[in-house]
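When a residue number appears, it is its place in the shown sequence, counting from 1.
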Amino acid sequence: MVLRSLEQKLESLLEGMFGRAFKTNVQPVELARKLAKEMDEHRTISVSRVYVPNEYVLYLSTGDREQFSGYEASLLGELQEYLIEHARREGYALLTQPRVLMETDSDLEVGEFGIATRMAQPKGTGAGFDAPEVEAGATMIYKPRTAERDNEVAAEPPPSPEREVVTLVVDGVPYEVGKRRVTIGRSRECDIRLRDPNASRQHAELRQDGAAYWLVDLGSTNGVEVNGTRTKRAKLEPGDTITIGATRLEFRRELP
């Protein structure tokens, strides 16, 4: 009941406040629902609890971010309260109260937004704290669906594309990418394991989003560079070089 009333509050107050400015832009209620979806999808089962991320970063296009000028702090507070109630209803455990941040991403179009999640240990946590060690998750990109796009697809189905070969070349050794998400790091659980002491256990992730490929830093200690520039997430083009610790990777994408 409390969650439903909060959702109604977001719909009435926030949409009422911003509705005139949001004709094709991201809607506050949509942000709230997708944040809850990301919380659900990044559950981690411990011995006696189900943990969920407590840090969320919203990536918005420049145009969408500008729509919140003067109201951003209020909106973030509402979104955090929404996540608290969602966690209570589902019986999730949080290491701290959820924190929602907002950043601008010039790679996104108006109406698109990304969400990155992270489970951050509170300061001063002892060794016996019943919480698993979980690093940051990849950024999920949400794109708007329009009637015009749907009609185009229905009227003229696209031809079957030729199969591309996507590879990551690690110190000269090629690894073919065969799934939408590929983890990179020192852990044995990673899809591409690096024997580099400067790499984190789960350092980065290569993620396919539609026709694009993104490299996402999973909260690593030493960070990630793409073409010599330090970044948290970057859209990759064929020939781009990635530096993780002392390891050099090259992104390749070509037809066989």
Side-chain angles (χ1 to χ4, degrees), residues 1-18 22 26-60 64-65 68 71-103 105 112-144 181 183 189 200-202 205 207 209 216-220 232-233:
M1 183 65 68
V2 175
L3 185 65
R4 187 177 298 110
S5 65
L6 276 172
E7 187 167 348
Q8 291 172 347
K9 183 179 180 183
L10 281 168
E11 290 176 338
S12 60
L13 295 182
L14 296 179
E15 285 193 327
M17 185 179 296
F18 305 116
F22 282 86
V26 173
Q27 297 286 338
V29 169
E30 184 180 9
L31 294 177
R33 290 170 177 165
K34 296 303 185 184
L35 283 168
K37 179 176 182 288
E38 289 298 305
M39 176 179 281
D40 293 337
E41 293 187 351
H42 289 86
R43 295 171 294 180
T44 300
I45 301 175
S46 185
V47 176
S48 59
R49 303 179 184 179
V50 177
Y51 287 93
V52 289
N54 55 342
E55 289 191 2
Y56 300 78
V57 181
L58 290 167
Y59 294 95
L60 300 180
D64 282 319
R65 181 81 181 274
F68 295 104
Y71 306 95
E72 185 173 305
S74 176
L75 175 58
L76 292 178
E78 292 282 353
L79 294 174
Q80 289 170 176
E81 186 179 356
Y82 185 87
L83 288 178
I84 290 172
E85 294 302 329
H86 182 71
R88 286 176 180 169
R89 188 183 73 165
E90 299 297 330
Y92 296 148
L94 288 158
L95 301 184
T96 63
Q97 287 199 350
R99 184 185 183 201
V100 181
L101 304 174
M102 190 176 289
E103 294 188 12
D105 189 331
E112 298 178 352
F113 63 95
I115 301 176
T117 63
R118 179 169 176 262
M119 190 181 294
Q121 291 278 3
K123 294 182 179 179
T125 298
F129 195 79
D130 180 33
E133 181 181 348
V134 178
E135 299 191 39
T139 304
M140 174 64 73
I141 304 297
Y142 292 94
K143 296 185 178 182
R181 293 189 177 187
T183 53
E189 298 177 357
S200 297
R201 293 181 65 254
Q202 294 190 27
E205 184 177 68
R207 180 176 179 275
D209 179 33
V216 180
D217 185 349
L218 299 181
S220 65
K232 289 292 185 183
R233 59 185 294 272

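Annotation: the span from Thr183 atom OG1 to Glu205 atom CD amounts to 6.5 Å, rounded to 0.5 Å. Interatomic distance, Lys34 NZ to Phe113 CZ, rounded to the nearest 0.5 Å: 6.5 Å. Note that CG of Leu60 and CD of Glu103 are 10.0 Å apart. Values are rounded to the nearest 0.5 Å. The CD atom of Glu55 sits 6.0 Å away from atom CZ of Arg99, with the distance rounded to the nearest 0.5 Å.
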*Evaluate the criterion side-chain contact (heavy atoms from CB on, under 4.5 Å) for residue pair Leu94 and Val52; output intermediate values, then yes/no.*
CA-CA 6 Å; Leu94 288 158; Val52 289; 3.5 Å; yes
*Can Asp40 and His86 be said to form a side-chain contact (heavy atoms from CB on, under 4.5 Å), step by step?*
CA-CA 9 Å; Asp40 293 337; His86 182 71; 2.9 Å; yes
*Verify side-chain contact (heavy atoms from CB on, under 4.5 Å) between Glu112 and Tyr59, making sure each step is shown before the conclusion.*
CA-CA 9 Å; Glu112 298 178 352; Tyr59 294 95; over 6 Å; no
*asked:* Would Leu83 and Tyr56 count as a side-chain contact (heavy atoms from CB on, under 4.5 Å) here? Give the steps.
replied: CA-CA 10 Å; Leu83 288 178; Tyr56 300 78; 3.7 Å; yes
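What you find for Pro53 and His42 is that their closest heavy atoms are CD-O, 3.4 Å. Of all heavy-atom pairs spanning Tyr82 and Ala36, the tightest one is CE2-CB, 3.9 Å. Across Leu76 and Met102, no two heavy atoms sit closer than the pair CD2-CE, 3.9 Å. Here the shortest heavy-atom pairing between Phe68 and Leu31 reads CZ-CD1, 4.3 Å. Closest non-hydrogen pair, Ala120 versus Asn54, comes out as N-OD1, 2.8 Å.
A side-chain contact (heavy atoms from CB on, under 4.5 Å) with Leu58 is found for one member of Leu101, Asp64, Leu75, Leu35 and no other, namely Leu35.
The existence of a salt bridge linking Glu85 and Arg88 is confirmed by a sub-4.0 Å separation between a basic side-chain nitrogen and an acidic carboxylate oxygen. A salt bridge is absent between Arg201 and Glu189: the closest approach of a Lys/Arg side-chain nitrogen to an acidic carboxylate oxygen does not fall below 4.0 angstrom. Look at Glu41 and Lys37 and you find a salt bridge, because one of the NZ, NE, NH1 or NH2 atoms lies within 4.0 Å of a carboxylate O, short of that distance.
In this view, Gln97 and Ile84 satisfy the side-chain contact (heavy atoms from CB on, under 4.5 Å) rule, not counting sequence neighbours. Scanning for side chain to side chain donor-acceptor pair (under 3.5 Å) contacts around Arg43 gives an empty result, with sequence neighbours left out.
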